[in-house]
Amino acid sequence: MADRPPIEERFPRPSVMGVVNVTPDSFSDGGVHLRPPAAIAEAWGMLDEGAAIVDVGGESTRPGADPVPLDEELRRVVPVLEGLEGAPLSIDTSKAEVARRAIELGVELVNDVTALRGDPELVDVVAESGVYLSLMHMLGEPRTMQADPRYSDVVADVAAFLEERLVFAVSRGVREERVCLDPGIGFGKTVEHNVELVRRLEALLALGRPLLVGFSRKSSLGRLLGDPAATTGTRAASMGAAVIAFDRGATVVRAHDVRDHVEALTIAAALAG
Ligand code: HH2
């Protein structure tokens, strides 16, 4: 197992995780990076702009998205990872086989939006390789998750879920100090649920792990700006959300517009002291 520092040392607060989706259908950048050279250039550019890590994904998890077969997901992400040798990378996947190939190609973090519920073999791949892990909350699955999501108390429910998933991962050999947790903005949540999660982020911090928050370009931002039918949010709205998530305790911010987020968070950190 590789020797790695705790995740909060590897990714000091605040760190920006750049997003490169190698998909035809992602909600904000679908089709933009489908050809490997475009995705590779975008990722190196994000690292130049100050991203601490770039998250490469070959399956959209936007509301309504259908699952992608294993061979198609591999076909999308492997050439991109091969072209990014030596770069700090994470893989946005819930499939053990995709994670295995990605780790062979140097990926250091597995970002699983199903929090190890999607593929029973993924926990062993993470534990045996010793890579970092992000566990995210999602209610339901992408195809149906936005159909009337309900919670008794969204923050308490998300916290209980993340705690249970963390205990599970550790019980299967994942080192706790390599895990971060994510409330899963937009994954089975209304605008009000997303707002509540950021407002009360300290309840998730109480779980004792660094938090990753991904509000970038999400439809709740467009809706908060007054368009009830919005499917995306603007860059400026994303940065507003990122700064507040950081101020409430987030360590890693997942974002598409890296330079703006790095600059906004650098100033937020300087002023917050
Ligand atoms: N959001 C998306 C995808 N992966 N992973 C984590 N840990 N947290 C998030 O909030 C998160 C995520 C959705 O955004 P995007 O990748 O831009 O879109 P799509 O899923 O349509 O590819």
Side-chain angles (χ1 to χ4, degrees), residues 7 11 15-34 39 42-43 46 51-68 72-73 76-77 80 89-95 98-99 107 109-118 122 126 132-139 141-143 145-146 158 161-162 165-166 179-189 193-194 197-198 201 204 209-222 231-235 237-238 241-242 245 250-258 261:
I7 193 166
F11 301 105
S15 287
V16 172
M17 169 186 273
V19 182
V20 172
N21 288 311
V22 195
T23 60
D25 58 341
S26 286
F27 78 97
S28 80
D29 62 352
V32 177
H33 311 118
L34 250 190
E42 179 74 7
M46 288 178 172
I53 190 162
V54 173
D55 191 35
V56 177
E59 175 173 42
S60 173
T61 48
R62 76 178 198 291
D66 283 322
V68 172
E72 174 63 15
E73 194 175 329
R76 291 178 186 175
V77 299
V80 175
L89 297 173
S90 76
I91 182 77
D92 188 344
T93 191
S94 49
K95 295 187 183 70
V98 174
V107 158
L109 188 154
V110 169
N111 173 26
D112 177 14
V113 298
T114 75
L116 303 176
R117 296 173 301 162
L122 182 54
V126 172
Y132 298 114
L133 173 66
S134 170
L135 296 171
M136 195 196 80
H137 175 271
M138 168 164 47
L139 184 69
E141 36 121 11
R143 219 164 32 80
M145 65 190 177
Q146 288 307 103
V158 167
F161 172 88
L162 292 174
R165 292 286 82 198
L166 177 63
V179 181
C180 65
L181 304 176
D182 183 335
I185 299 299
F187 285 85
K189 289 159 189 108
H193 293 142
N194 294 323
L197 281 164
V198 174
L201 206 60
L204 303 183
R209 302 307 312 144
L211 299 179
L212 191 165
V213 175
F215 224 136
S216 178
R217 297 187 183 171
K218 287 188 178 166
S219 61
S220 286
L221 300 170
T231 55
T232 59
T234 62
R235 179 186 292 227
S238 305
T251 289
V252 181
V253 170
R254 186 178 180 277
H256 302 79
D257 303 294
V258 168
H261 278 77

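Atoms within a ligand are numbered from 1 in the order they appear, just like the ligands themselves.
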Would you call Asp112-Arg165 a salt bridge at under 4.0 Å N-O?
no
Those residues that, when tested against Thr251, pass side chain to side chain contact (heavy atoms under 4.5 Å, CB included) (two or more places apart):
Arg13, Pro210
Residues that His261 engages under ring-ring contact (aromatic ring centres under 6.0 Å, His included), provided they are two or more places apart:
none
Could you work out, with side chain to side chain contact (heavy atoms under 4.5 Å, CB included) as the rule, every residue matching Glu42, not counting sequence neighbours?
Val20, His33, Met46
Determine the minimum heavy-atom distance between Leu221 and Ala241, stating which atoms define it.
CD2-CB, 3.9 Å
Under a 3.5 Å threshold, I'd like every N/O contact between ligand 1 and protein atoms, with atom names and distance.
{"residue": "ligand 1", "atom": "1 (N)", "partner": "Lys218", "partner atom": "NZ", "Å": "2.9"}
{"residue": "ligand 1", "atom": "1 (N)", "partner": "Arg254", "partner atom": "NH1", "Å": "3.4"}
{"residue": "ligand 1", "atom": "4 (N)", "partner": "Asp92", "partner atom": "OD2", "Å": "2.9"}
{"residue": "ligand 1", "atom": "4 (N)", "partner": "Arg254", "partner atom": "NH2", "Å": "3.3"}
{"residue": "ligand 1", "atom": "5 (N)", "partner": "Asn111", "partner atom": "ND2", "Å": "3.1"}
{"residue": "ligand 1", "atom": "7 (N)", "partner": "Asn111", "partner atom": "OD1", "Å": "2.7"}
{"residue": "ligand 1", "atom": "7 (N)", "partner": "Asp182", "partner atom": "OD2", "Å": "2.7"}
{"residue": "ligand 1", "atom": "8 (N)", "partner": "Asp182", "partner atom": "OD2", "Å": "2.6"}
{"residue": "ligand 1", "atom": "10 (O)", "partner": "Gly214", "partner atom": "O", "Å": "3.3"}
{"residue": "ligand 1", "atom": "10 (O)", "partner": "Lys218", "partner atom": "NZ", "Å": "2.7"}
{"residue": "ligand 1", "atom": "14 (O)", "partner": "Arg254", "partner atom": "NH1", "Å": "3.4"}
{"residue": "ligand 1", "atom": "16 (O)", "partner": "Asn21", "partner atom": "OD1", "Å": "3.3"}
{"residue": "ligand 1", "atom": "16 (O)", "partner": "Asn21", "partner atom": "ND2", "Å": "3.2"}
{"residue": "ligand 1", "atom": "16 (O)", "partner": "Arg254", "partner atom": "NH1", "Å": "3.4"}
{"residue": "ligand 1", "atom": "16 (O)", "partner": "Arg254", "partner atom": "NH2", "Å": "2.9"}
{"residue": "ligand 1", "atom": "17 (O)", "partner": "Asn21", "partner atom": "ND2", "Å": "3.2"}
{"residue": "ligand 1", "atom": "17 (O)", "partner": "His256", "partner atom": "NE2", "Å": "2.6"}
{"residue": "ligand 1", "atom": "20 (O)", "partner": "Thr61", "partner atom": "N", "Å": "2.8"}
{"residue": "ligand 1", "atom": "20 (O)", "partner": "Thr61", "partner atom": "OG1", "Å": "2.7"}
{"residue": "ligand 1", "atom": "21 (O)", "partner": "Phe27", "partner atom": "N", "Å": "3.1"}
{"residue": "ligand 1", "atom": "21 (O)", "partner": "Ser60", "partner atom": "OG", "Å": "2.7"}
{"residue": "ligand 1", "atom": "22 (O)", "partner": "Asn21", "partner atom": "OD1", "Å": "3.4"}
{"residue": "ligand 1", "atom": "22 (O)", "partner": "Asn21", "partner atom": "ND2", "Å": "3.4"}
{"residue": "ligand 1", "atom": "22 (O)", "partner": "Ser26", "partner atom": "OG", "Å": "2.4"}

Go through it in stages, so that I can follow the logic: the residues are Val252 and Ile7, the test is side chain to side chain contact (heavy atoms under 4.5 Å, CB included), and I'd like the CA-CA distance, side-chain angles, deciding distance and then a yes or no.
CA-CA 10 Å; Val252 181; Ile7 193 166; over 6 Å; no
